[in-house]
Protein chains: 2
Amino acid sequence: MDSFHEKDAKVFKALCDPRRLAILERLRSGERCACVLQEEVDIGQSGLSYHMKILCESGIVESRQEGKWTHYRLSDVGCESAIMLLRRLTTPDAQQKCDCCK
Amino acid sequence: MDSFHEKDAKVFKALCDPRRLAILERLRSGERCACVLQEEVDIGQSGLSYHMKILCESGIVESRQEGKWTHYRLSDVGCESAIMLLRRLTTPDAQQKCDCCK
DNA sequence: GCAAAACATCAATTATTCTTGATTTGACGT
DNA sequence: ACGTCAAATCAAGAATAATTGATGTTTTGC
C-alpha cells in the first residue's frame, strides 16, 4: 500500500495498545526509568522493552541512557506532531461530492 | 487490563491501518457512498464493509442510509474528541520524579 | 412477488502483533 | 578480568486482526 499511509499508521499503532496507553499515562507525570515503569504497569522486563521500543520508534517517547539505566519521557516534538497528524487526517478539505451523492 | 485504556485504544486502532487512513483521506473531501469508496481505495466489497464498521464504531466516521446506498462522512464530533483524547494522553501532568531519577 | 443492486455478515485462511522465558549485550564495581 | 545488574534481543507460541469468497438482508424496479 501507499508508504506514507504506512508511516502515518505507525504513530497510531503505538497508541492502540492498552498497555502502551498505561505507560504513556505514567510518563505524563515525568521521566521514568524502565525498572520503575515495569513495576508501575505490572509487566515483565522483556515485555516492557518491547513496548518501549514501539513507543520510541513512533517518536512519541524518547529515551536517555544513564549508565545502565534507561530513562523514558514524553517527547514534546513527537507528541505535538502526532496531534498535528491527527488533525490533518481529520480536517475536511475542499467540499466535493461524488457522483452518486449528487 | 484497565477498561478505559481499552476504550481509548479503540479510537487509535481505527487509525492504525493504512487502508483506513486511505479511506479517511478520501472522506476529507466530502461524503461518499460505499460503492465509490470501494473503487477509490481499490478494495473488495466485504473488505470495505469491514473497515467502515471499525471506523464508524470509533466515532470518527458516521454513516447515513439512503435507500440501498450507505453514505459515509467524517464526524465533526468524533474527530474533535479523538484529537482531544490524544492531547490529553500526551500532555504532561504535575512534574514528579520517580525515586531513581532523584 | 421476483430479480437485481448495495451492503452486511459469516467462516476459513493468512498475516500481524503480543506475550513469555531464555539468551545476549553493555556498564559498573570489585 | 569477573560477577552482577539493567535492558535489549531472540525465538516459540498464543491471541488478534485482515483478507477473501460465500451467503444473508434490505431496498428498488419491474
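Chain A is the first sequence line, chain B the second, and so forth, proteins listed ahead of strands; every chain is numbered from 1.
Note: OH (B:Tyr72) to P (C:dC7) measures 7 Å, nearest angstrom. Between the CD1 atom of B:Ile54 and the P atom of C:dA8 there is a distance of 13 Å, rounded to whole Å. Between B:Arg19 atom CZ and C:dA15 atom P the separation is 14 Å, expressed in whole Å. To the nearest angstrom, C1' of C:dA5 lies 13 Å from CD of B:Gln65. One can place CD1 of B:Ile43 at 11 Å from C1' of D:dT20, the figure rounded to the nearest angstrom. Whole-Å rounding puts the B:Met52 CE to C:dA6 P distance at 17 Å. Look at CG on A:Asp17: it is 20 Å from P on D:dA14, rounded to the nearest Å. In this structure, CZ of A:Arg20 is placed 8 Å from P of C:dT19, rounded to the nearest angstrom.
Within the nucleic acid shown, A:Gly67 comes within 4.0 Å of sugar-phosphate atoms alone, with no base atom in reach, counting heavy atoms only. A:Thr70 comes within 4.0 angstrom of sugar-phosphate atoms only, judged by non-hydrogen atoms across all strands, and of no base.
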Passes salt bridge (charged side-chain N to carboxylate O under 4.0 Å, His left out), A:Glu62 versus A:Arg64? Steps please. CA-CA 7 Å; A:Glu62 52 195 11; A:Arg64 178 175 66 87; over 6 Å; no
Determine whether A:His51 and A:Ile43 satisfy the following criterion, side-chain contact (heavy atoms from CB on, under 4.5 Å), listing intermediate values before the conclusion. CA-CA 10 Å; A:His51 288 297; A:Ile43 192 178; 3.6 Å; yes
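A donor N or O paired with an acceptor N or O is found under 3.5 Å between the base of C:dA8 and the side-chain atoms of B:Gln45.
Comparing C:dC7, D:dG21, C:dA22 by their closest approach to the side chain of A:Ser46 singles out C:dA22.
Defined by atom type and a distance below 3.5 Å, a donor-acceptor pair is missing between the side-chain atoms of A:His71 and A:Gln65.
In terms of position on DNA chain D, the residue among A:Lys68 and A:Tyr50 whose nearest nucleotide sits closer to the 5' end is A:Lys68.
Dashed line: the shortest gap from a side-chain N or O of B:His51 to OP1 or OP2 of D:dA17 is not under 4.0 Å. Applying the 4.0 Å criterion to OP1 and OP2 of C:dA8, one finds that B:Lys53 has every side-chain N and O outside that range.
Salt-bridge annotation for A:Asp8 and A:Arg88: present, with a side-chain N of the basic residue lying under 4.0 Å from a carboxylate O of the acidic one.
Considering all non-hydrogen atoms of both residues, A:Ser75 and A:Gly78 come closest at OG-N, 2.9 Å.
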